[in-house]
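All remarks here apply to the structure that follows.
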Amino acid sequence: MINYYGIRAIYTMEMARTWRTLMQSIASPVISTSLYFIVFGSAIGSRLMSIDGVGYGAFIVPGLIMLLLLTESISNASFGIYMPRYLGTIYEVLSAPVSVVEVVIGYVGAATTKSLILAALALLTAQFFVDYDIQHPIWMLTFLLLTAVSFSLFGFIIGIWADSFEKLQVIPMMIVMPLTFLGGTFYSISMLPPFWQTVTLFNPVVYLISGFRWSFYGVSDVSLAVSLAMTLMFLLVCLVIVAWIFKTGYRLKQ
Amino acid sequence: MIDDSLSILSVSRLSKRYAGGHCALDAVDLDVRKGEIFALLGPNGAGKTTLINIVCGIVTATEGQVSVAGFDISRDFRKARSMIGLVPQELFIEGFETVSATVAFSRGLFGLAPNPSRVEQILRDLSLWDKRNSPMMALSGGMKRRVMIAKALAHEPRILFLDEPTAGVDVDLRRDMWALVRGLRDNGVTIILTTHYIEEAEEMADRIGIINRGCIVLVEDKDRLMKRMGKRQLTIQLHRPLASLPAALSERGLTLTESGDALVYTFDSQRDRSGIADIFRSLADNGIDFGDLTTTESSLEEIFVSLVRAP
């Protein structure tokens, strides 16, 4: 028996929060993407050589979309579950006949939906600045979806772990942002000295961006299979942590 | 004793120790009968809210079992929880949500299909219909309290927990709320409430449970409790003050007030009251005239205090 109405209630409530703040939600990715393209795509990028046969402006499109997708997924999902904890309204979810899986589908589903909408908007915005093509649209959507789900789950975990608004920001700012910048958003890791190339392979974001970029231009730093495997692994790790959180009631129940 | 078939909530050997070592509940046993209004009384920190929160799934018990209509709250959590409505003590609200959205949310969360006419009925019953499109933050405290009740009723619970429902609520709302509670009881809903206003429990409850320091001290029919524990007092106002009490009267247990203008007789409510007739005969025999008579009955509050203070 699945509490379908329960999932829908959580999802709808979360999406309602998105629609209430629609303008900010849309404006921020559109503005930030535009800024990146003005600075890196046009101003600096015009003086740079193309990478792997792709013009620099177009080269950074997948990386920028990933950057946006990661930060938005984490912030939406972490905020989504942190707020009811902070306000105390979580009592209702805890006392309702909904299973862990249903709660996660509701919250993470809504965060994923929102970040996918924003990623689509950013892709549209990029059209105004550079020409890019998508050679493998199905794979592109697959990576987009897997990444959005994985990082929404990751955000959900942060939202449960955090016990202050400051902590809510710490992981995205201190870990995710650096990993994304160093994970090949703005360069190909083959441009790095051999030692740093090896170091970079420990950065999980490299695999996300590499696989995503391959779906656009057919070129990648690491093979598609490795990218996909790493993405799925990250998803799995997040699922295991979420299962543990609910099993133990960590930060949710006394 | 309680007929098991009539017990809708059954708590056995329930204990809760918090991480800090504080023992909030200590092997509590409790049965609540189907369709009754059960008042759980106790001083602050006695374990009332912990007990409610364990039954509702918000707090995890350290030991013990709870079943709701025969369904174990952890094994059959869906069936158990879908029968329960909870109105928590604090006003937990998401300020930007509208009244109707938050009530519809509660209904869906508990697995029921949307039913706008049912939600409308609940909002009308609670005088919230005019406010249905207002965001929660625009409501007064009393209105927010009504919304909390509407949320709990939105999924048609068979057991309703009201944790301090009338704390900080004005007289009008309190009266509305009690009318609502009686109406629910008439429809077969079991009500379990905690309150600080003991006169409310006195007025509303069918049975009373008293909890102190994590232990249930007593569970009893309210009327029987009042009878058993209650004291009545007869005060006789005298026409002329007496300097001292005649021996015949002090033998009967009467005392003279300090000012000497009234006699006081204290007796158990359940005791046969023929003693009073004897007192009046003695008064006449001693030539004592009296102007007025009053009798008072001790309130549940006094009974409660005497039970909780007892060592």
Side-chain angles (χ1 to χ4, degrees), chain A residues 1-25 79-107 109-110 159-160 163 244-254, chain B residues 16-20 22 24 49-50 52-62 71 73 76-98 101-115 135-136 148 151-152 154-155 157 161 163:
Chain A
M1 188 181 80
I2 292 175
N3 185 347
Y4 164 75
Y5 290 115
I7 298 174
R8 198 172 80 171
I10 296 175
Y11 183 86
T12 315
M13 176 194 61
E14 280 299 290
M15 290 310 288
R17 203 162 52 79
T18 303
W19 305 133
R20 273 200 300 271
T21 55
L22 193 62
M23 284 324 288
Q24 299 95 296
S25 304
F79 207 72
I81 189 69
Y82 180 76
M83 282 316 282
R85 286 181 56 222
Y86 177 75
L87 295 171
T89 51
I90 191 82
Y91 86 90
E92 205 176 12
V93 175
L94 292 177
S95 67
V98 284
S99 70
V100 177
V101 177
E102 290 153 2
V103 172
V104 172
I105 292 174
Y107 278 105
I160 283 178
D163 47 17
W244 174 82
I245 284 172
F246 278 94
K247 196 165 186 302
T248 59
Y250 173 75
R251 298 268 167 118
L252 283 175
K253 290 188 185 189
Q254 286 174 309
Chain B
K16 175 64 186 178
R17 274 179 296 283
Y18 284 107
H22 170 63
T49 301
T50 298
I52 289 180
N53 282 349
I54 290 175
V55 175
C56 294
I58 296 166
V59 169
T60 316
T62 314
F71 299 114
I73 56 159
D76 282 321
F77 80 97
R78 280 191 206 269
K79 283 182 182 140
R81 289 186 192 173
S82 57
M83 301 183 80
I84 299 176
L86 167 65
V87 182
Q89 193 170 339
E90 285 175 68
L91 298 169
F92 297 123
I93 58 147
E94 148 75 280
F96 297 98
E97 252 183 327
T98 63
T102 194
V103 174
F105 168 74
S106 300
R107 189 178 167 85
L109 193 63
F110 278 72
L112 298 186
N115 184 343
M136 293 280 281
M148 299 302 285
K151 282 167 76 70
H155 54 83
F161 283 94
D163 196 358

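Chain naming here is simple, since letters A, B, ... match the order of the sequence lines and numbering starts at 1 in each.
Heavy atoms closer than 4.5 Å to chain B are found in both the backbone and the side chain of Ser99(A). Neither the backbone nor the side chain of Val103(A) comes within less than 4.5 Å of any heavy atom of chain B. Of the two parts of Phe96(B), the backbone and the side chain both hold a non-hydrogen atom closer than 4.5 Å to a non-hydrogen atom of chain A. Heavy-atom distances place both the backbone and the side chain of Ile58(B) under 4.5 Å from chain A. For Lys16(B), the part lying under 4.5 angstrom from a heavy atom of chain A is the side chain only.
For Ser95(A) (side chain) and Cys56(B) (main-chain N/O), no donor-acceptor pair under 3.5 Å exists by modelled atom type. At distances below 3.5 Å, at least one donor-acceptor pair connects side-chain atoms of Arg85(A) with backbone N or O atoms of Ile160(A). A donor-acceptor pair under 3.5 Å is formed between the side chain of Glu102(A) and the backbone N or O of Asn3(A). With hydrogens and angles disregarded, a donor-acceptor distance shorter than 3.5 Å links the side chain of Arg107(B) to the backbone of Ala113(B).
Taken to the nearest 0.5 Å, the CZ atom of Phe110(B) stands 6.0 Å off from the CD atom of Glu92(A). One finds the CD atom of Glu90(B) at 9.5 Å from the CE atom of Met148(B) (value rounded to the nearest 0.5 Å).
Of all the listed residues (Met1(A), Met83(A), Arg17(A)), the one sharing the greatest number of non-hydrogen pairs under 4.5 Å with chain B is Met1(A). Across Leu86(B), Leu112(B), Thr102(B), the residue that shares the most heavy-atom pairs under 4.5 angstrom with chain A is Leu112(B).
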